[in-house]
Amino acid sequence: MEASSEPPLDAKSEVTNQLVDFQWKLGMAVSSDTCRSLKYPYVAVMLKVADHSGQVKTKCFEMTIPQFQVCDLTLPILAHFFCNRRIKRQDIYFAFKYFILIPLGLMFKNVKLNESLNSADPEFSN
Amino acid sequence: MAAGELEGSKPLNGLLNALAQDTFHGHPGITEELLRSQLYPEVPPEEFRPFLAKMRGILKSIASADMDFNQLEAFLTAQTKKQGGITSDQAAVISKFWKSHKTKIRESLMNQSRWNSGLRGLSWRVDGKSQSRHSAQIHTPVAIIELELGKYGQCDLPFSSSVVVFQKSEFLCLEFDEVKVNQILKTLSEVEESISTLISQPN
């Protein structure tokens, strides 16, 4: 077999794509034609992904803050199991921390976010 | 007299529910005649029509301004004082309705104002790659993340205020090595920091 400088990840699968670039912005929707007072922050993401043929496509989407927080919570769990493929005692502690302690903390954070957004804005009051 | 029959709280609550379904949640098939025959059968159509328009207008004003409870009370009090406005009983029903449905209606309005795809779901898996066409033996973990992206579509129906909201999902599958996973985590923490800065700002 000839020596190959192929990178360890073989992105030839027709199903999966390789992430080439990840750009984000944090926006605030203020008002629209259907709702005068929107007042919600959102995270807009632009992904550049390469398919199996090497063709690069752009995918854009938005997340509300709670949706972003789910990603923010989920990916560290992925990273943890990425490095620890057998279940160990620290996995149980990890699961307790991420499925119980942190969601409780997020619930309180969401309350604070909602309170700060619902404070009266003179520009939009009747 | 038909006007007295317009004051009942149970049919009004039903009417507000139906208006919310039609105006905000995109439920099809809610016509004026259906509402009248189901909720106010004794009221003639020529009296029901302006009443329906008035209730729809009030609900849209409240939702559009995303009124908090102080603003709501002030608004409804003003509506009870104006000519051709609403009664105190009707104001109480509307107030109770908004308090219990505000979150859901607001969520629908936010969804309607989002024109890009939204993130509807995220799944992940860790695989252990053992062989490939070009390498006999590799033992590298691979993270596979599947994103479900949903597009919101809208179209107008003949009943002028109706908007049907439908969703199409697209699945995007991404492959990551350990380096990329850590890069993404670093980026997410930057986003989290920006969100924290936004929340902590006084305005």
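Chain naming here is simple, since letters A, B, ... match the order of the sequence lines and numbering starts at 1 in each.
- At a 4.5 Å heavy-atom cutoff, the contact between Leu26(A) and chain B is made by side-chain atoms alone.
- Residue Ile144(B) touches chain A through its side chain alone, counting heavy-atom pairs closer than 4.5 Å.
- If you take CZ on Phe176(B) and CD on Gln183(B), they are separated by 10.0 Å, rounding to the nearest 0.5 Å.
- For Leu188(B), the parts sitting under 4.5 Å from any heavy atom of chain A are the backbone and the side chain alike.
- Looking at Tyr42(A), neither its backbone nor its side chain comes within 4.5 Å of chain B, counting heavy atoms on both sides.
- Ranking Phe22(A), Phe61(A), Trp24(A) against chain B, the residue ahead of the rest is Trp24(A), based on heavy-atom pairs under 4.5 Å.
- Looking at Leu109(B), the atoms closer than 4.5 Å to chain A (heavy atoms on both sides) sit in the backbone and in the side chain alike.
- Within the 3.5 Å criterion, the main-chain N or O of Arg36(A) finds a donor-acceptor partner in the side chain of Ser64(B).
- In this structure, Tyr40(B) and Phe51(B) have perpendicular ring planes: the angle between them is above 60°, well past the 30° mark.
- Only the side chain of Val181(B) comes within contact range of chain A, with at least one heavy atom under 4.5 Å from a heavy atom of that chain.
- Put simply, the side chain of Lys59(A) never gets that close to the backbone of Leu172(B): no donor and acceptor are under 3.5 Å apart.
- Between Phe97(B) and His101(B), the ring planes are parallel. Angles under 30° get that label, and only those over 60° would be called perpendicular.
- At a threshold of 4.0 Å, the pair Arg36(B)-Glu33(B) counts as salt-bridged, since one of the basic side-chain nitrogens sits closer than that to a carboxylate oxygen.
- Most heavy-atom pairs under 4.5 Å with chain B: of the set Ala44(A), Ala29(A), Cys71(A), this distinction falls to Cys71(A).
- One distance of note links CD1 of Ile58(B) with NZ of Lys60(B); it measures 13.0 Å at 0.5 Å rounding.
- For chain A, the nearby part of Ala63(B) is the backbone; its heavy atoms alone come within less than 4.5 Å.
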